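Down below is the structure, laid out as structure tokens.
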2 protein chains.
Amino acid sequence: MGRKRTKSGKIRLAEVAELAGVSPITASRFFRNPEALSVAKRTRVESAARELGYVPNLAARALASQRTEVIGVLIPSLTNNVFSDVLRGIYDASENSRYSIQLSNTRYSILQEEKLLRLFLAQKPAGLIVTGIDQTTESRAMLEAADCPIVQIMEIGPNPVDMMIGFSHFDAARAAIAHLFAQGHRRIGFIGARMDPRVQRRLDGYVAAMKDAGLFDQRLIVTTATPTSVTLGGALFADLLAREPGIDSVFCANDDLALGVLFECRRRDIAVPEQIAIVGFNDLEFMASSVPTLTSVRTNRYEMGSAAAAMLIEAIEGKRPEEPVLDLGFTVIERQSSQTQRPAAGPRTPEWAPAVQNDSVTNDP
Amino acid sequence: MGRKRTKSGKIRLAEVAELAGVSPITASRFFRNPEALSVAKRTRVESAARELGYVPNLAARALASQRTEVIGVLIPSLTNNVFSDVLRGIYDASENSRYSIQLSNTRYSILQEEKLLRLFLAQKPAGLIVTGIDQTTESRAMLEAADCPIVQIMEIGPNPVDMMIGFSHFDAARAAIAHLFAQGHRRIGFIGARMDPRVQRRLDGYVAAMKDAGLFDQRLIVTTATPTSVTLGGALFADLLAREPGIDSVFCANDDLALGVLFECRRRDIAVPEQIAIVGFNDLEFMASSVPTLTSVRTNRYEMGSAAAAMLIEAIEGKRPEEPVLDLGFTVIERQSSQTQRPAAGPRTPEWAPAVQNDSVTNDP
DNA sequence: GTCGTTGCTGGTAGCGCTGTCAACGATCCT
DNA sequence: AGGATCGTTGACAGCGCTACCAGCAACGAC
């Protein structure tokens, strides 16, 4: 065919328009807003585009329209299983849209986040997904000034920049502790790693629950800034045990730590749950098949990602959600690692007096 | 200041050039190839850019230069831990370059891969990272016709499209089996999930090793197309055991399966390694802290990603590597789950006759 | 019959940057 | 001294697309 082309052999919009017998601008409209065309031209352009194998040039589109079709995503870690689930949700939900995902890793640094945010915003993204609610003042200002929709994910809190999807880590931790209370546990240890804001809020939830029960003891808490791992779980548990041999259970800020604790118990011949109960957080897949199976707090990570992307895309296209804050909740999945032998039969007094060494203000139940 | 700007208030290259007292093209060169400028102009442009807070418009650059600074990455899964490590390597290595990563998930479908490849190539990426060596004929043709560097990752094989970084899954599996042989095991089961090409080649390695030893038996192999999980490991092992109660060890095509097998052994009170030895694949973090610790084949996933990105960027910038194929190797990490009590003391005959039911050609050791 | 109004279409004029090529002076070599 | 070479700089002309606005026909209201 004698149709003229760029030297690179690429098919341009002009070629499609020519073949369809319309003006380039009409062809352009076909790709952006087909409803605006008459049915006749629509089908003509469509078949011309298919025949030529036309693929729009996104750079030209971005330049001419002064906006991109890129959704920026800022997450703190690529290693953490939690974020791979979230990411999968984001990618799945954006897959059949016109938007592409631009991912960046803040490595749990809010300064790095600020830097990346500046970079992203300069390219005028169509939308932004950021992790958490703890941005720097500067970041916060940039986000508020941004002229694109923004979703904060992973947790919910007051004053959303725009939209927000997550759950309360505080409440989730509290619920986990309530479950341990219900199972008769009193001397509950806490182990946490990395101590990013969300882990910190889980700790806060634990502290609140323990204080409410008059069982708070600072010495039950072992944390580190080190990134989490199964091995670390074992090590932290060893530390906790060395300091407080009298604990009857451990709440782990995530499942890797919980698995590490389970292995450490096995190593020391500590019976789970008879001597020590274990509760994790996130409910990763392996929690259901370990021996004993491990209790955990299920979080809706995939949904968090997919809902965030879906909501963002809707907002980009002008259909803002009724309610900008979406609480995806959590569920305490009770498994063997925290089930005492005695069947739960309503509230009852523990069979042994908790060895409370509590020097803080509490409201006894 | 009375400097003219776009309505959006954005600073353009022209403004920077004006302030620096040079032509726009000189300013442009400053950002792409500073060495080409005289020191005087270089510093003038630099300070002008800083003063105005200039950020280049990538869309305009892409349109004018007919190429992008995007590295396309095609991976088969976002869930698999293996790929999150590879991805981390890729992102880390590209972080301080001018290139940005565009990620897409093929979901282990080579047809989906082909579709995505077409999409990517249409945008003229600066480079491409694709997973594996099993592309469709069409994909292969597109890759070969692409005018950008390409790295195939995760495994090595004959006929690289361009560059290649990985290791031999076949050899790695073979080495794992050799280790089990050395520990006195003979009746070695294989369990595998998903059965993507790389898992298939691990199976091939297992088969070759078993045949070489005259120990091959089809009934020792249990596989499924289902995606891998810890739970699945337990289930597959249960199947294997039901069919072949006489096995003395299991080689798992990945670590999740191995962990599942370990838990299933615990559930059934099977002593590991005394009754059943377990070997996994990839050496994920938890393998070193389970009880017993789990033997695995360590693969250099992070390095695979970072080396691929680094090599690709070098190639984009014209510095092609001497050797286009890089074998990152593997290491069998011998841990408790496969160590027999008797210390390894050179080659020795097994203490019991292997129940070989072998109908294939073999070369006995 | 005139004047909107609506629905569709096209022309013009860039978006901000870089490829290409030419020009220039300075330096080097024969 | 003349020419060649190098390093540095700038003018010009788009890259492929879309915003903006104008035009046109068809229709209905008054």
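Basis for what follows: all heavy atoms, side chains included, without hydrogens, waters or symmetry-related copies. Note that the coordinates shown come from a computational prediction; the quantities given were computed from them, not determined experimentally. Just so it is clear: chains get the letters A, B, ... in the order the sequence lines come, proteins before strands, and each one is counted from 1.
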Report yes if a side-chain nitrogen or oxygen of [X] is closer than 4.0 Å to either non-bridging phosphate oxygen (OP1 or OP2) of [N]; otherwise report no.
{"X": "B:S38", "N": "D:dT9", "answer": "yes"}
{"X": "A:Q66", "N": "D:dC17", "answer": "no"}
{"X": "A:T26", "N": "C:dT9", "answer": "no"}
{"X": "B:S23", "N": "D:dA11", "answer": "no"}
{"X": "A:K41", "N": "C:dG10", "answer": "yes"}
{"X": "B:S28", "N": "C:dT18", "answer": "yes"}

Sub-4.5 Å side-chain heavy-atom contact between A:T79 and B:Y302: no

Report yes if some heavy atom in the side chain of B:E155 is under 4.5 Å from a heavy atom in the side chain of B:D134; otherwise report no. yes

List the steps and the verdict of side-chain contact (heavy atoms from CB on, under 4.5 Å) for A:V82 and A:M154. CA-CA 10 Å; A:V82 167; A:M154 299 311 291; 3.6 Å; yes

With a non-hydrogen cut-off below 4.0 angstrom, is A:Y54 in contact with a base, only sugar-phosphate, or nothing? sugar-phosphate

When all nucleic acid strands are considered with a 4.0 Å heavy-atom cut-off, which category describes A:F30: base, sugar-phosphate, or nothing? nothing

Figure out the [atom1]/[atom2] separation between [X] and [N], and round it to whole Å.
{"X": "A:R12", "N": "D:dG14", "atom1": "CZ", "atom2": "C1'", "answer": "11 Å"}
{"X": "B:E69", "N": "C:dC17", "atom1": "CD", "atom2": "P", "answer": "13 Å"}
{"X": "A:E18", "N": "C:dG11", "atom1": "CD", "atom2": "P", "answer": "13 Å"}
{"X": "A:L63", "N": "D:dG14", "atom1": "CG", "atom2": "C1'", "answer": "12 Å"}
{"X": "B:R98", "N": "C:dC17", "atom1": "CZ", "atom2": "P", "answer": "14 Å"}
{"X": "A:N33", "N": "C:dC8", "atom1": "CG", "atom2": "P", "answer": "10 Å"}
{"X": "A:F31", "N": "D:dT18", "atom1": "CZ", "atom2": "P", "answer": "9 Å"}
{"X": "B:Q123", "N": "D:dC15", "atom1": "CD", "atom2": "P", "answer": "17 Å"}

Between B:R140 and B:E144, does at least one N-O distance fall below 4.0 Å, as a salt bridge requires? yes

With a sphere of 6.0 Å drawn around CG of A:D147, does it hold more than 12 non-hydrogen atoms of other residues, nucleotides or ligands? no

Within the 4.0 Å limit for protein heavy atoms, which parts of nucleotides 19-27 of chain D are touched? Write it as a string from 5' to 3', B for base, S for sugar-phosphate only, - for none. B--------

Nucleotide of [options] approaching [X] most closely (side-chain heavy atoms):
{"X": "B:R61", "options": "C:dC15, C:dT18, D:dT18", "value": "C:dT18"}
{"X": "B:L37", "options": "D:dT9, C:dC17, D:dG10", "value": "D:dT9"}
{"X": "A:L13", "options": "D:dC17, C:dC17, D:dA11", "value": "D:dC17"}

Does anything in residues 27-46 of chain A pair up under ring-ring contact (aromatic ring centres under 6.0 Å, His included), and if so which pairs, sequence neighbours excluded? A:F31-A:Y54

Which pair of heavy atoms, one from A:P160 and one from A:Q152, lies closest together, and at what distance? CA-OE1, 3.5 Å

What is the minimum heavy-atom distance between B:R107 and B:N105, and which atoms define it? N-OD1, 2.8 Å

